[in-house]
Amino acid sequence: MVAENLEQVRKNIELACRKAGRDPKEVTLISVSKTKPVSMLQEAYDAGSRDFGENKVQEIMDKVPQLPSDIRWHMIGHLQRNKVKYIVDKVALIHSVDSLRLAETIEHEAARHNVTVPVLIEVNVAQEESKFGLKTEEVLSLVESVAAFPHIHIEGLMTIAPYVEDPEENRGIFRQLKKLSVDIAAKNINNVNMSVLSMGMTGDYQVAVQEGATMVRVGTGIFGERNYAV
């Protein structure tokens, strides 16, 4: 099932790219494997997936030693400052930097581990109460502050769009994030790159790709529904 689902998602991404006149190679598919057993991740790996997204530090810690070492792990959930030390040298990208205090902790731990950590700034474009992330007007100021940290590199922006029945409803959200990234890129801030736009999930990733996503985070569409009671 996992291999077939992956194949279908890849085809959908290609289709969305064609519609938008984009090269599918510009889009990285992140298999969001939170709550899923290692056996299912291995299935996705065997079907060619190399980028896996987790919401919890503990799951990354548990899964890393059990799976091939060429996997790129993405921390996509809210990151608590006291957990940074466990993953700072294990993840390819932290998608969820949403405060200066978190960035300071990442800088401190990255320096201790002698690594440079690529991060995305999380933007709550829709300003949903239940979600983490900055308001769009707060982003530039945080980017300018974090740009000064030698052990962090800002690679772009991330958003979690609202859960909607009709993915078209989120098109404006994705468009806003894209515009924000273009505006920030135009300022040519040292140590800041706006090449990554992490947006779009199972319900709306095709619209996100049409609007410029370079990373889409698909879980249910690959692994099936989650059982949070596990």
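Quick note: numbers below take in every heavy atom, side chains included, and nothing from hydrogens, waters or symmetry partners.
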- The side chain to side chain contact (heavy atoms under 4.5 Å, CB included) partners of Glu165 (sequence neighbours excluded) come to Tyr163

- Note on the structure: Result for side-chain contact (heavy atoms from CB on, under 4.5 Å) between Val146 and one of Val192, Leu102, Ile152, Ile106 points to Ile152

- Query: Does some side-chain heavy atom of Val84 sit less than 4.5 Å from a side-chain heavy atom of Val57?
  - Reply: no

- Item | Closest approach of Met201 to Asp204 (non-hydrogen atoms, all atoms of both residues) | N-OD1, 2.8 Å

- Val209 backbone acceptor or donor facing Arg22 side chain under 3.5 Å: yes

- Atom OH of Tyr45 and atom OG of Ser33: how far apart are they, to the nearest 0.5 Å? 14.0 Å

- Message: Would you say Val216 ends up clustered with Leu41 if hydrophobic residues are merged whenever their side chains have heavy atoms under 4.5 Å apart, either directly or through other cluster members?
- Response: yes

- Message: Looking at Arg171 and Glu211, is there a salt bridge between them, counting it only when a charged N and a carboxylate O are closer than 4.0 Å?
- Response: yes

- Mind listing the closest non-hydrogen atom pair of Glu104 and Phe149 along with its distance? CG-CZ, 3.7 Å

- Can you find a pair of side-chain heavy atoms, one from Glu122 and one from Val97, that are under 4.5 Å apart? no

- Item | Pro162 vs Glu128 side-chain heavy atoms within contact, under 4.5 Å | yes

- Message: Other residues, nucleotides and ligands only: do more than 12 of their heavy atoms fall within 6.0 Å of NZ on Lys85?
- Response: yes

- Task: Flag the pair Met215 / Val27 as yes when at least one side-chain heavy-atom distance between them is below 4.5 Å, and no otherwise.
- Result: no

- So do Val2 and Ile222 actually touch side chain to side chain, heavy atoms under 4.5 Å? yes

- Message: So that I can tick it off, tell me whether Glu109 and Arg112 are bridged by a salt bridge, with the cut-off set at under 4.0 angstrom between side-chain N and carboxylate O.
- Response: yes

- Message: Test your reading of the model: is there a side-chain donor-acceptor pair from Thr159 to the backbone of Val123, 3.5 Å cut-off?
- Response: yes

- Task: For Asn124 and Lys131, indicate whether the former's side chain and the latter's backbone hold a donor-acceptor pair under 3.5 Å.
- Result: yes

- Say whether, by atom type as modelled, one donor and one acceptor occur between the side chain of Glu138 and the main chain of Lys135 under 3.5 angstrom. yes

- Message: Restricting to non-hydrogen atoms, name the atom on Ser96 and the atom on Gly77 that form the minimum distance, rounded to 0.1 Å.
- Response: OG-O, 2.5 Å

- Query: Atom NZ in Lys178, atom CE in Met199: separation rounded to 0.5 Å?
  - Reply: 7.5 Å

- Message: Strictly distance-based, threshold 3.5 Å: is any side-chain N or O of Asn114 a donor or acceptor partner for the main-chain N or O of Ala111?
- Response: no

- Could you tell me which non-hydrogen atom of Trp73 sits nearest to which non-hydrogen atom of Lys63, and how far apart they are? CH2-CB, 3.7 Å

- Where the side chain of Asp98 meets the backbone of Phe132, is there a donor-acceptor pair that is under 3.5 Å apart? no

- Message: Hydrophobic clustering (ILVMFWY, side-chain heavy atoms < 4.5 Å, transitive) - are Leu120 and Val91 grouped together?
- Response: no

- Query: If you take all heavy atoms of Gly221 and Val9, which pair is closest and at what distance?
  - Reply: O-CG2, 3.9 Å

- Query: Just how far is it from atom OG of Ser198 to atom CG of Leu157, taken to the nearest 0.5 Å?
  - Reply: 9.5 Å

- Message: Between Asn12 and Gln8, do the side chains contain a donor N or O and an acceptor N or O under 3.5 Å apart?
- Response: yes

- To the nearest 0.5 Å, atom CE of Met194 lies from atom CD1 of Ile121 at 7.0 Å

- Are Val143 and Leu134 linked, directly or through other ILVMFWY residues, by side chains that come within less than 4.5 angstrom of each other? yes

- Just checking, is any N or O donor in the side chain of Lys179 or Gln176 under 3.5 Å from an acceptor N or O on the other one? no

- Non-hydrogen side-chain atoms of Val207 and Glu168 separated by less than 4.5 Å: yes

- Message: Taking the six-membered ring of Phe52 as reference, does the cationic atom of Arg72 (NZ for Lys, CZ for Arg) lie under 6.0 Å from its centre and within 45° of its axis?
- Response: no

- Item | CA sep, side-chain torsions, deciding dist, call: Ile60, Met75, side chain to side chain contact (heavy atoms under 4.5 Å, CB included) | CA-CA 8 Å; Ile60 294 177; Met75 178 63 197; 3.9 Å; yes

- Message: Test your reading of the model: is there a side-chain donor-acceptor pair from Thr136 to the backbone of Val125, 3.5 Å cut-off?
- Response: no

- Query: Going by distance alone, is a donor N or O of one side chain under 3.5 Å from an acceptor N or O of the other, for Glu59 and Asn55?
  - Reply: no

- Query: Are side-chain N/O atoms of Asp51 and His74 paired as donor and acceptor at under 3.5 Å?
  - Reply: yes

- Interatomic distance, CG@Leu29 vs OG@Ser49, rounded to 0.5 Å, equals 6.0 Å

- Task: Calculate, to the nearest 0.5 Å, the distance between atoms CD1 and CD1 belonging to Ile189 and Ile154 respectively.
- Result: 7.5 Å

- Message: Contact between Phe223 and Asn5 at the side-chain level, heavy atoms closer than 4.5 Å - yes or no?
- Response: no

- Task: Give the cluster check for Phe174 versus Leu15: same hydrophobic cluster or not, with ILVMFWY residues linked at side-chain heavy-atom distances below 4.5 Å.
- Result: no

- Please test Gln42 against Asp46 for side-chain hydrogen bond (donor to acceptor under 3.5 Å, both in side chains), starting from the C-alpha separation and ending with a verdict. CA-CA 6 Å; Gln42 185 67 50; Asp46 293 342; 3.0 Å; yes

- Task: Return yes when atom CD of Glu137 has more than 12 non-hydrogen atoms of other residues, nucleotides or ligands closer than 6.0 Å, and no otherwise.
- Result: yes

- Message: Quick one about Gln80 and His78 (side-chain donor to acceptor, distance below 3.5 Å, no hydrogens or angles considered), yes or no?
- Response: no

- Task: Before giving the answer on side chain to side chain contact (heavy atoms under 4.5 Å, CB included), spell out for Arg10 and Glu7 the whole-Å C-alpha distance, their side-chain angles and the decisive distance to 0.1 Å.
- Result: CA-CA 5 Å; Arg10 288 188 188 120; Glu7 187 53 36; 3.9 Å; yes

- Task: List the steps and the verdict of side chain to side chain contact (heavy atoms under 4.5 Å, CB included) for Asp70 and Arg50.
- Result: CA-CA 7 Å; Asp70 62 338; Arg50 291 296 177 271; 3.3 Å; yes

- In terms of hydrophobic clusters joined by side-chain contacts under 4.5 Å, are Leu142 and Val117 together? yes

- Message: On a heavy-atom basis, which atom in Ile173 and which in Ala126 lie closest, and how many Å separate them?
- Response: CD1-CB, 3.6 Å

- Mark yes or no for whether Lys90, through its side chain, and Tyr86, through its backbone, hold a donor-acceptor pair below 3.5 Å. yes

- Query: Looking at Glu14 and Lys11, does any basic side-chain N land under 4.0 Å from a carboxylate oxygen?
  - Reply: no

- Item | Test log, rule side-chain hydrogen bond (donor to acceptor under 3.5 Å, both in side chains), inputs Asp62 and Gln58 | CA-CA 6 Å; Asp62 292 345; Gln58 189 57 52; 2.9 Å; yes

- Counting only N and O atoms by type, is there a donor-acceptor contact under 3.5 Å from the side chain of Glu107 to the main-chain atoms of His151? yes

- Side chain proximity check, Glu155 to Val119, heavy atoms < 4.5 angstrom: no

- Task: Using the side chain to side chain contact (heavy atoms under 4.5 Å, CB included) rule, take Arg217 and Met158 through it: C-alpha gap first, then chi angles, then the decisive distance, then the call.
- Result: CA-CA 10 Å; Arg217 310 177 303 270; Met158 180 269 242; 3.5 Å; yes

